[in-house]
Amino acid sequence: MWIKVIGALMIIFAGISLGFIAAFRFNERPRQIRQLQSCLTSLKTYINYTVMPLPEALAASCEGINGPVRDFFSCSANMLAQNPMITPQQAFVQSILQLKGQLLLEQPELDLLTTLGANLGKVNCEEQEKYLDMVSQQLANIEIEAVQTRDENVKMCRYLGICGGLLIVIVLV
Amino acid sequence: MQIYWQETIFPILPSHIIGLLQKLSLNILNQLSEIRIRVNQPLLLVLRNNDYAVTDNRGQNYICDISDVDKVLQLITKNSLYTLEQELKGGFITIPGGHRVGLAGQAIVAGGKVKTLKNFSSVNIRIAREVQGCADSIVPYVIATSQRICNSLIISPPRCGKTTILRDLARQLSTGIPKFKFTGVQVGIVDERSEIAACNRGVPTVNVGQRTDVLDGCPKAEGMLMLVRSMSPQLIITDEIGRQEDVTAVQEALNAGVNVIASAHAATVEELLYRPFVRELVENKLFDRYVLLQDYPCPGTVTKVIEVKTNKLLFCLKTGVRVCG
């Protein structure tokens, strides 16, 4: 009897955990997009006002934030500083690959980052600013959409987890 | 043996070109004054007296392609073209070590002025040398008293060692020269092209003396006035005067009681008279000394030193005149 109860509790707990993990992913995406936006805004300042070279500007722009987005920027900055032969785009693509499980971004924002990489460092400050503004604008749009998806899905995932766990228990009992 | 410029030049060259250069004899590398990379042309090294085309493993001339030029540019700008906006307008970039990288390509013009360059086709890397003691032969003519210096204009065509001599003059005049009982003066260098002091992040990477302040990357005219106001130098050293505002600033500095040593492009003093603004300086006899240089037998050879006020020849390489300064 007790073994059944413990087993049932474990199944319910697993269901809840799965639900919460799925919900965390939906929660995390808009947060990382916001962090990206703030990094890109600082990057714009470092490029435009202090005219820092790209490796230093990228490293400086992620100061003050934590987590995978910071790792993405510092990783790209390191790559560019250590091997000046690679282009910013290659550095971005490699960093995205390295941080795969942690960077909870989806294809639209990842594509945006890759094209940003292709356009960094090739034009003058003024054009650079325009481009970064455009990217920030697009990120803002993506964020709105990500927040909507989050609102729709977070609660559903949690309920689904709990209910799924209960369902399995009921079926098995 | 390590060639002194390897440390600063190799980081801006693609690896296969470094490989080719490393195979060359020390004699060639020691004489190197320019590396010229032109699209679809051989990789050319300009030595002291002749040019040398670099050969590849098969013994044929190595022909540069567009990717070589792009790679050099990528390495110099560290993937950040925007940091060099101003420099690109001028057509050259100064890299750590004070080496000047000249660029040619397609100019983009907006409103009658060059906005930037694109589609680069040629790169010329000019190796800067720090030759301590190269101004020894000029120093006696430049020093007036133990604290005063003659206003001097160093005149020569390009590639005769003007900048190298200015750098050594700055070092000697600011440190002091015991031999002439010269105690050293406060020197201000306006280094518009970061060539004299070869500054890296504002700090000189070559020895320019212990009493020297460097205004790096600052336009000459504005810089000279800024230095007079802020650092109260006794001597201002600057390179390649030519524009109207430069000439005005030199006049201002001289009238403020500051000595000036500058350089100008010309082969003779008479040639300077044909140049629109520098002409004023010559006509008004604002300088005390003209120092003329030539590149034969080696860059930095002094041909004449002229006392301007009396038009007396203080030193002449040809006739062997040598009046102690």
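Within every chain, numbering begins at 1; the chains are lettered A, B, ... in the order of the sequence lines, protein sequences first and strands thereafter.
- Scanning residues 5-24 of chain A against chain B with a 4.5 Å non-hydrogen threshold yields no residues.
- Interatomic distance, A:Glu129 CD to B:Tyr82 OH, rounded to the nearest 0.5 Å: 13.0 Å.
- Contact annotation for B:Lys71: only side-chain heavy atoms (C-beta onward) come within less than 4.5 Å of a heavy atom of chain A.
- Crowding of A:Ile3 atom CD1: a count of heavy atoms from other residues, nucleotides or ligands under 6.0 Å not exceeding 12.
- Just one residue in the list A:Thr50, A:Asn124, A:Val51, A:Leu54 forms a side chain to side chain contact (heavy atoms under 4.5 Å, CB included) with B:Thr83, and that residue is A:Val51.
- Between A:Leu58 atom CG and B:Ser80 atom OG the span is 8.5 Å, to the nearest 0.5 Å.
- Looking at A:Met85, the atoms closer than 4.5 Å to chain B (heavy atoms on both sides) sit in the backbone and in the side chain alike.
- Of the inter-residue distances, the one linking B:Asp70 atom CG with A:Thr87 atom OG1 reads 12.0 Å to the nearest 0.5 angstrom.
- Two residues are said to be in side-chain contact when any heavy atoms from C-beta on lie closer than 4.5 Å; B:Gln74 and A:Pro84 fail this criterion.
- Among the candidates B:Leu75, B:Leu84, B:Leu81, B:Asn79, the residue making the largest number of heavy-atom pairs closer than 4.5 Å to chain A is B:Asn79.
- Both the backbone and the side chain of A:Ile47 come within contact range of chain B, judged by heavy atoms closer than 4.5 Å.
- Within 6.0 Å of CD in A:Glu126 there are 12 or fewer heavy atoms belonging to other residues, nucleotides or ligands.
- Annotation for A:Pro53 and B:Lys78: closest pair CB-CD, 4.2 Å, computed over non-hydrogen atoms.
- Heavy atoms from other residues, nucleotides or ligands lying under 6.0 Å from CD of B:Gln22 number more than 12.
- The most heavy-atom pairs under 4.5 Å with chain B, out of A:Pro55, A:Pro88, A:Gly121, come from A:Gly121.
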